[in-house]
Visitor: 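Below you'll find the structure I mean.
Here the structure is a predicted model, which is why all the values come from computation and not from measurement. In what follows, chains carry the letters A, B, and so on, assigned in the order in which the sequence lines appear, proteins first and then strands, with residues in each chain numbered from 1.
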Protein chains: 4
Amino acid sequence: MSTPDIHGIIGYTITPFSADGEHLDLDALGQSIDRLVDSGVHAIAPLGSTGEGAYLSDLEWDRVCEFSIQHVAKRVPTVVSVSDLTTAKALRRARFAQAQGADVVMVLPASYWRLSEAEILAHYQAIGSSIQVPIMLYNNPATSGTDMSPELILRIFNAVENVTMVKESTGDIQRMHRLHVLGEGQVPFYNGCNPLALEAFAAGAKGWCTAAPNLIAPLNLELYAAILANDLERARALFYRQLPLLDFILKGGLPATIKAGLRNTGLEVGNPRLPVSPLDDGACKQLERLIAALS
Amino acid sequence: MSTPDIHGIIGYTITPFSADGEHLDLDALGQSIDRLVDSGVHAIAPLGSTGEGAYLSDLEWDRVCEFSIQHVAKRVPTVVSVSDLTTAKALRRARFAQAQGADVVMVLPASYWRLSEAEILAHYQAIGSSIQVPIMLYNNPATSGTDMSPELILRIFNAVENVTMVKESTGDIQRMHRLHVLGEGQVPFYNGCNPLALEAFAAGAKGWCTAAPNLIAPLNLELYAAILANDLERARALFYRQLPLLDFILKGGLPATIKAGLRNTGLEVGNPRLPVSPLDDGACKQLERLIAALS
Amino acid sequence: MSTPDIHGIIGYTITPFSADGEHLDLDALGQSIDRLVDSGVHAIAPLGSTGEGAYLSDLEWDRVCEFSIQHVAKRVPTVVSVSDLTTAKALRRARFAQAQGADVVMVLPASYWRLSEAEILAHYQAIGSSIQVPIMLYNNPATSGTDMSPELILRIFNAVENVTMVKESTGDIQRMHRLHVLGEGQVPFYNGCNPLALEAFAAGAKGWCTAAPNLIAPLNLELYAAILANDLERARALFYRQLPLLDFILKGGLPATIKAGLRNTGLEVGNPRLPVSPLDDGACKQLERLIAALS
Amino acid sequence: MSTPDIHGIIGYTITPFSADGEHLDLDALGQSIDRLVDSGVHAIAPLGSTGEGAYLSDLEWDRVCEFSIQHVAKRVPTVVSVSDLTTAKALRRARFAQAQGADVVMVLPASYWRLSEAEILAHYQAIGSSIQVPIMLYNNPATSGTDMSPELILRIFNAVENVTMVKESTGDIQRMHRLHVLGEGQVPFYNGCNPLALEAFAAGAKGWCTAAPNLIAPLNLELYAAILANDLERARALFYRQLPLLDFILKGGLPATIKAGLRNTGLEVGNPRLPVSPLDDGACKQLERLIAALS
C-alpha cells in the first residue's frame, strides 16, 4: 500500500440537488469539483459532512462517489468519507469507494448508540481489514456524538495498519498536542475545525480539511503557503482576514452556507436536504458582504 | 383525531436478528411482544432506540413496523418510533406506520447537522401535517445530538396540533418541572430515563417509556401501581430494589443488555448490529446475578 | 458524641448589615432567627452561602457565630457552616463554633485551586480530628468549584468518624441514589438544591437545607409534612405551588433575594456585600408578586 | 496615566513559607525574584494564583506585596494580583499595591456567588475609579468560577478607562480570536494557559503570564524570541520541547509543582498551604526527570 501525500488544503465538495431536492445534479457537481481543482487545492474530499453524505440514499451515495472520483480523474488525490450507522454499511461504502479508485477513505464512527472504546476499535479493524487504501480516522463528536480521546486514536492508529492519518475536528488544540507527543511526531494530523486553521498549522497539522475553498480558495491556499514559508506574521494576517467568513460558515452550517455562497457566484447547486434549511435572506446578504469584503 | 390514553408502563421492544445478524427473526419478535403484553404493560413501542430502528434498512424497518402492529393487534396501544435523518424519510415512516394502524408515532429530531429551533419546528410541522395520528415528541440529546429546551418543546406542542405528548429523556428533572409549569399542567409528559423513574412519577409524569419490562415487568408495573395508590414509601422501596438493574441496562446500552437478558430466559433474539457489540461474558454474568436478586 | 437528629426543614439565616454595609446588624439577625424558629423549622443554619460567610472578616464571622448560637438557645439544633479557603482557617472556625455550642458544623471544601481527592479527604480528616461535634459534609461545586463524587463522599464518610451527614447540592438526583445504594441506606443525606425539594424527599432525603423558610416557611413545612404522611399527591401539589418562588431565589441568588424578601415584610436587613448586588426594582416587584400569590 | 509596556514573559512568583507553614520566608522570596529577573523575564507578577494570594491573611498579603515591589526595584515592571472575595477588599488591595509602586494591578472577579455581568462590570468600575495604575483584567473560570465572555470583556475594556490589558486563561483560542476581532486589534491580550503558549502567540498574544520561568526561564524566553523573529518552525520545536513540563505543572497545580521544582534546585521555599498538598515523592521524581531532560 502506498499512501498518497495528503497535505495542504483538502477541499470538501457539496452534493448538488435539483430544485425540488429530489435528484442529484451531477453536472453542477462536476463544475464545483473543477472549480476546486482549478483553484489549486491539494486534494478533493467528496461525501463528507459538507457533502450531506448522511442524507443520501445508498444509490445516490454510490453515484456521487463514482462520479466524483472519475471527474477528479487523479488530478489530485480523492479522500472519500464512507461513514454510516452500521459497520456493515460503512464497510460496503469503503469497498465501493476503493473499487472506484478512491485514494483515501475517511471513517467517522457515526452511531446512534454511544460506542465503547472496544466497539470503536473493532469498527476500524473491520473496515481496515477489508480494504487496501489508507484510512483517515475522523474525530468529530459534534456531529457523530462519539468523542475519541487522543489515547484511543493512537491505539487505533497502532492497531489498524491502514489507518495512517487523523482528522481532528473538536477544535481543542490540546488534542493535537497530545497526538504529536503520544505519537512521537509520527502521526500525521489534519485539522477539521475552520476557526482553528492558524493554530493547527502552528501546532504542526499537515493539512486543513475544509469546505471554505468552494468560496475563498485563494485565501485558504495563501495561508498554507505562508505556513510553508515559515512566515507566521503573514499567516496570522491572512487568517484574521478570512476568520469572519470561517466563523460564519461554521455557525451557519457547512451545506447551507456553501450552497448559498456558490449560488451567489452563479453556480446553482440547490438547497440542503430538510430538516436542514437553506440560509434565509438576511444570512445570504451577510454572506455576500463577507465575501465581497475579501476580494 | 382521538388520542389514545397512553400512560403507565410503555414497553419498548427489541428487534431480533438471526444468528448471522443479517435477517430479521419475526417469530422471536412475536414472542417478545407477547411476553410484554401478557405481563401487563400499558402500551408497546416498536422501533425505538431499543429496537435499533436507526440500524435497519428501509425494508426491514417496514417489515418490523407492520408485523409489530399486527401482532399487538390492539391488545394495547402501539407507539411507533419513526425518526430518520431526513424529514422526507421520517415522514415516509410516519405515514407507513399510520397506514399499518399505529396508535401513536414518536418523533426524535435525529440529525447529522445540529439543527436550529426553526428547523426542528419545521420538521415537526412537516410530519404533523402529513398524518392524523398523535405524535409523541421525543427529546434525547444523548442519542440524537439535538437538545430541545422545554420552551422549544412547548412552542412545538402549541404549534403542531397532533403533537400531544412529550417524552423527556435528558434525565434532568427540572425539564419536567418546566414543562409542567410552562404548560400549566396540560402537557402530558413521559419519562425516558430509567434511573429517574421514581422522581419523574413524583413530578407528575404520566408514563415511563422503558425497555426494562422485557426483563422485569412486574417490578416496573408495581412501581407504577404504588404511584397510582399514592404510596410513596412503597414506590421508593420498589424503585431502589430495581435501580441496580436500571443502572446496568442504561450503562450497558439497551439493545445489548435487553438482548442478553432475553437470551438468559431462553428467548434467543440474536445480537445487536455492529458496531454495537453484544455483552461480554462478565457483563452477562453480572446481568444474570442482578436479575436473580430480584426474583 | 451524640448526633442530634437533624431532619426536616433546616432554615438558613442571612447576615444583616447596616445601611452602609460596613457593620453587622445583630438585632435584625436576632429577629430573623426568631421568625424562623417560631415558624417551626427543625434546625437553624447560620453562616452558610445565604449567610455570606465567605464575605465576612474573621471578627464578623466569630460575632455572628456566637450570637446566632446564643440566640437560638437550643430551641432547635444549630448547624454552623465553617468553610474557609485554608484548612487552618476552616479548622479554627470549626473549633470556635464548637466552643460556642454548635450542634453540627458543616464543611464545604472551598478552595481556589482545584483539590485532588486525597487533599479533600485530608481536609476533612484534619477538621474531624480536631473537634467532637458531628460534621455535615457539603457538596456544592457551583459555589466551591470542587465536585465530590458519591464514591469520594462515601470514602470520607467511612474514614472520618464524625462526618455523619451529607448535604448534596448539585441538583443531580442520581447522586442521591448513589449515596443511598453505596451507603446501603445508612448515609443520611440532605438536599441543598431548592427546585429538587420534592424529588429529593421522594428519593429519601432526610432534610431540606434551604433559605426559603425566611419567606415561606409554612409551605416548606407543609411539603415536609406531606412527605412524612406518605401523601405524594399533596406533596406534589405543594411543591409546584412554591416552585416559582424556589426557582426565583435560586436564579436571583440567595442573599440578594432573601434580603429583598425580608425587607418586603418590614424587616430591614441591609444589602448583600458587593460585588453581589441587591435585587433591582423590577426583580423586587416580581418577588413581591410571587410571594403574594402564595398567601 | 502612562501604561508600562507589558509584553513577553511575565513571570509569576511563588510565596515561600517557613517549614511549619506559618510564616512568610521573605529571604527566599527575594532570591526567587532575583532568579526570575536575572533570567531575563520581562515582568514580575506577585500574589497571583501561583503566589497563593487567596490563602494569605491580609497582613501577609500586604507584606508580600510591599516586599516584592521593593525587591524588584523597577528592574522590570510589576503586575500585582489584587483579587479578593469582596469588592471592598479587592479595592483595598489595589490601593495598597498602587501605594507601594505597582506598575499594573491584575483583577480576577473571584466570588463565592456566581456574579451577573452587571455585577462584574460594577466590580471593575469600583476598582478602576479608585486607582490610577492600569488594570489587567483576568479571566480564569477554572479558579474563579466566573467566566467572562469576550463580549463582556470588551464592554469592561471600553467602560473602565484603566482596564487596558486582558489576560485570558480559559485555554480556548477562539476567545483570543474574538478579542482580536471585536477589539479591532486594539485590545492587548495575554495568555495565562501554559499549554496554549505557542498558539496564543500565533494568534497575536502580547505576552505569556506563567510560573514556568521559575524552573525553565531560558526555554520560555527562547520561545518568545522565536515568535519575535517570526520563526514559527523554531517556536514550534521549542514549544513541544517544553510542553511535557508545562502540562505537568498545570496538572500538578502551580504552587505545588513550582515549589517542588525550586526545592530541587536548592532554593527551599516551603510547601503550599493546606488543603493544597506538596507533590508526593513520585511526582517530585517525575518533575526532576522532566527538568533534567530539558537541560
Side-chain angles (χ1 to χ4, degrees), chain C residues 20-22 48-58 81 83-91 107-127 140-146 250-257 272-280 283, chain D residues 20-22 48-58 81 83-91 107-127 140-146 250-257 272-280 283:
Chain C
D20 63 5
E22 294 190 9
S49 305
T50 308
E52 300 177 70
Y55 298 139
L56 302 180
S57 71
D58 282 345
S81 305
S83 311
D84 208 331
L85 277 171
T86 65
T87 300
K89 288 165 91 175
L91 206 151
V107 176
L108 175 80
S111 187
Y112 181 86
W113 285 98
R114 196 66 44 105
L115 299 176
S116 70
E117 299 208 338
E119 287 171 331
I120 295 169
L121 173 59
H123 186 65
Y124 279 100
Q125 281 173 320
I127 298 172
N140 189 356
T143 57
S144 71
T146 299
L250 182 72
K251 201 178 147 202
L254 294 175
T257 51
R273 283 224 162 129
L274 295 175
V276 178
S277 298
L279 287 200
D280 63 27
Chain D
D20 63 5
E22 293 191 10
S49 306
T50 307
E52 301 176 71
Y55 298 138
L56 302 180
S57 73
D58 282 346
S81 305
S83 311
D84 208 333
L85 278 171
T86 66
T87 300
K89 289 166 90 175
L91 205 151
V107 176
L108 174 80
S111 188
Y112 181 87
W113 286 98
R114 197 65 45 106
L115 299 176
S116 70
E117 300 208 338
E119 287 170 331
I120 295 169
L121 174 58
H123 185 66
Y124 278 99
Q125 282 174 320
I127 297 172
N140 189 357
T143 56
S144 71
T146 300
L250 183 73
K251 202 180 147 202
L254 294 175
T257 51
R273 283 221 162 132
L274 295 174
V276 178
S277 298
L279 288 199
D280 63 27

Visitor: Given heavy-atom pairs under 4.5 angstrom as the criterion, report whether the side chain, backbone, both or neither of C/Leu108 touches chain D.
Guide: side chain
Visitor: At a heavy-atom separation under 4.5 Å, does C/Ala122 approach chain D through its side chain, its backbone, both, or neither?
Guide: neither
Visitor: Between C/Ala126, C/Pro141, C/Gly21, C/Ser49, who has the most heavy-atom pairs with chain D when the cutoff is under 4.5 Å?
Guide: C/Ser49
Visitor: What part of D/Leu85 gets within 4.5 angstrom of chain C, counting heavy atoms only: side chain, backbone, both, or neither?
Guide: both
Visitor: Using heavy-atom distances under 4.5 Å, tell me whether D/Thr50 contacts chain C through its side chain, its backbone, both, or neither.
Guide: backbone
Visitor: Shortest non-hydrogen contact from D/His123 to C/Pro275?
Guide: ND1-CB, 3.8 Å
Visitor: If I take atom CD from residue C/Glu119 and atom CG from residue D/Leu274, how far apart are they, to the nearest 0.5 angstrom?
Guide: 8.5 Å
Visitor: Below 4.5 Å from any heavy atom of chain C, which atoms of D/Ile120 appear? Answer side chain, backbone, both or neither.
Guide: neither
Visitor: Main chain of D/Pro255, side chain of C/Trp113: is a donor-acceptor contact present, judged purely on distance under 3.5 Å?
Guide: no
Visitor: Quick check on D/Leu91 against chain C: is it the side chain, the backbone, both or neither that has a heavy atom closer than 4.5 Å?
Guide: neither
Visitor: Do D/Tyr112 and C/Val276 have side chains that get closer than 4.5 Å, going by heavy atoms?
Guide: no
Visitor: Any donor and acceptor pair, going by atom type alone, linking the side chain of D/Arg114 with main-chain N or O of C/Ala142 inside 3.5 Å?
Guide: yes
